[in-house]
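Below: the structure, in structure tokens.
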Amino acid sequence: MIKLITVQFASLLIFTLNAIAADPIILGQSAAFKGPSAALGTELWRGAQAYFDFINSQGGVNGRKIEVIAMDDGYEGDNTLQNTLKLGSDPKVFALFGYVGTPTIVRALPAIQKFNQENGLFLFSNFTGAQPQREPPHDKYVFNIRSSYRQETAGLVENFYKLGYRKFGVFIQNDAYGRSGADGVAKALQAKNLKIVAEASYNRGALLTESMNEQVKILKAAGAEIVISIGAYAACAAFIRDARTADFNGPIANVSFVGPVKLLKMVMDEEIRLKKPLTKMLVNSQVVPPFEDLSYPLVKEFQENIAKFDPKLPENLNDKDYNSIGKTNFTALEGYLNAKVFVEIAKKVPVGKFTRAEFIKAAHSLKPTDFGMKVKLKFTSVDHQASDEVYFTTPVNGSFKEIKDWNSFK
Amino acid sequence: MRKYTSAREIRLAFVIPVLAILAALSVFLYSIFFYSFRKTLEKELRSKGSAVAKTLSTSAESSLVGRDSSTLQGFLDEYKKIDGVEYVFVINEKDEVLAHTFSPKIPDEIMRANPALENASKIRIQTLSWSGSTIIDIGSPIMGGVLGTVRVGMNLSEVLNNALKDTMVSLLLVTLVMMAISGFVVYFKIYKLSREVFQYNSQLVKTSTELETAKLHVVHTSKMTALGEMAGGIAHEINNPLTILMGNAHQGLKIIKTQPIDSE
């Protein structure tokens, strides 16, 4: 009898534990799924979802599946703020995850700060290298995976400086993102007692069809030998076209956020249309390895899992006008990495004590770990940026390859 | 003096000046209205722009010292959305641009306008004209000018145009309706009046025609009377000597009959 009761009790306990364990870990995401920046949110989501699908197919994190509640903000700060307020006050949401963009996150940060003070909410990973979420007071409740724009631009400045370039110009999007990049270039040059020779900006949302001749003229007039662009693919492709047409033949560098695949496709289409070589002397800094370079273990498993799970956005977030930039790309790989780091930390949280405070504690004790990028990532209580790695790529036959020899950019 | 040959002409002669006076009055009143409206708006934009510039220069203090400019740019982008704000930019104490809302760059004429004052800690306001618009440029020093300046441009022309766009349509409509009503009223009143005048006129004409006829008649009658009298007079004048002649003749005959001439 006693045995029977014990068995019953034990089974009840297991049942209860299972019930608790069956509760999914829910992440809230605000990103651009619709409109001109749809590629960013969509691909970041697809990459992360491919990894979550993989982990969920293996039984989840300690028996708990991971789900993402995604909301579209169309890359507009006001919407990001509204979405953050909704997600932050939803008791089901464990953490915020995979935000996209600088002007958007800049608006959301104070709201996240408010929730953090009330209930410890935090943002894990975002698709921007801007400084505000890497500096006090916001760095406390934001975990960044990728390198910053400052590191990307500093790396670009460093490499081109070594080649003998001294006159750096910047072409920037007229908002917090562009400003963050320009600031990074200025800071890197300052260390070498140099200044940006000229800055030309364009309005956010500019299309490929728009002329960037004014911007080219300003930069050429100031004698810029190299231009670092901090913008979105359409405007940056238009700039490359107009700069080359105006016989600016110096290097033009873009940063990770530009949407490199889409940028290259546009430039190549313009190349065919204008019958003029446009893809020479182009550099793109990246925060993840080239997504087709299978020598990176991360890239290999990413390619496999994307092919296997091929995640599709929920109907309400699907932008019908969005033309896929291919099943795999840099953005999706970054999303995949973000998800992988999240899961790695989540696995370290003691079972049954899955709270925000415990998660943060686990994150802070993330020892240097190789996630397959040939470098080790880590968090500490004072350093909320996991990776400091910047990859420099250049288009070769229509796809990005890591730069092995910088001398070709002399 | 002009002679009016028809009632229509009289009506128009009244309606046109009335409408002209009304139009002139409207133009005059609207000019006064626009002038004071512009003044009020300008005053309001100055204070709005100053508020924006002061708020920004205060918040810039904390975000400038050792921080990334993207936070500052984020502020600028938000302030740029405010009605009437044409541009916002921040320059440091060396006049180097830290953040701005222009594309592709800050125009030189705006950069040069509204330079720092002797007393750098004071807010300064200047009106300038740029690409066809009147801009109220406000410069607000950051930390007393030590860290630089926030410059805010308020587009007076645009705000004025936007404010007047709707007002203009309704004002024009009201004026037109007012003119139509008064034109109609004047026309109608004059129409009634002129009809009466023309009725009296035609009666007058009739009476005077009759009078003329009567006069002619009277003249004819009196002419005949005079002729009659004259004929009477003549007859009388002839009659008198004839009577004497007749009497004398009778006397002669009598004498002849009683006293033969031979017997003597």
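The analysis underlying the following values was restricted to heavy atoms, covering all of them including side chains, and did not include hydrogens, waters or symmetry mates. Chain letters run A, B, ... following the sequence lines, proteins first, then strands; residues in each count from 1.
- In this structure, the portion of A:Arg107 lying under 4.5 Å from any heavy atom of chain B is its side chain and not its backbone.
- In this structure, chain B has heavy atoms under 4.5 Å from both the backbone and the side chain of A:Asn174.
- Among residues 84-106 of chain B, the residues having any heavy atom closer than 4.5 Å to a heavy atom of chain A are, in sequence order, B:Glu96, B:Leu98, B:Ala99, B:His100, B:Thr101, B:Phe102, B:Ser103, B:Pro104, B:Lys105.
- Considering all non-hydrogen atoms of both residues, A:Ala176 and B:Asp77 come closest at N-OD2, 3.6 Å.
- Residue B:Phe28 holds its CZ atom at 8.0 Å from CG of B:Leu25, rounded to the nearest 0.5 Å.
- Salt bridge status for A:Arg166 with A:Glu225: absent, with no side-chain N to carboxylate O gap under 4.0 Å.
- Top candidate by heavy-atom pairs under 4.5 Å with chain B, chosen from A:Val106, A:Asp175, A:Thr102, A:Asn203, is A:Asp175.
- Using cut-offs of 30° and 60° on the angle between ring planes, the pair B:Phe34 and B:Tyr30 is tilted.
- Residue A:Lys217 does not touch chain B at all, counting heavy-atom pairs closer than 4.5 Å.
- Contact check on A:Glu76 versus A:Lys34 returns no salt bridge, with no Lys/Arg side-chain nitrogen under 4.0 Å from an Asp/Glu carboxylate oxygen.
- Ring orientation note: the planes of A:Phe127 and A:Phe257 are tilted relative to one another, at an angle of 30° to 60°.
- Remark: A:Arg204 qualifies as a cation-pi partner of A:Tyr75 under the 6.0 Å distance and 45° angle criteria applied to the six-membered ring.
- We find that A:Arg179 and A:Glu199 are joined by a salt bridge, their nearest charged nitrogen and carboxylate oxygen being less than 4.0 Å apart.
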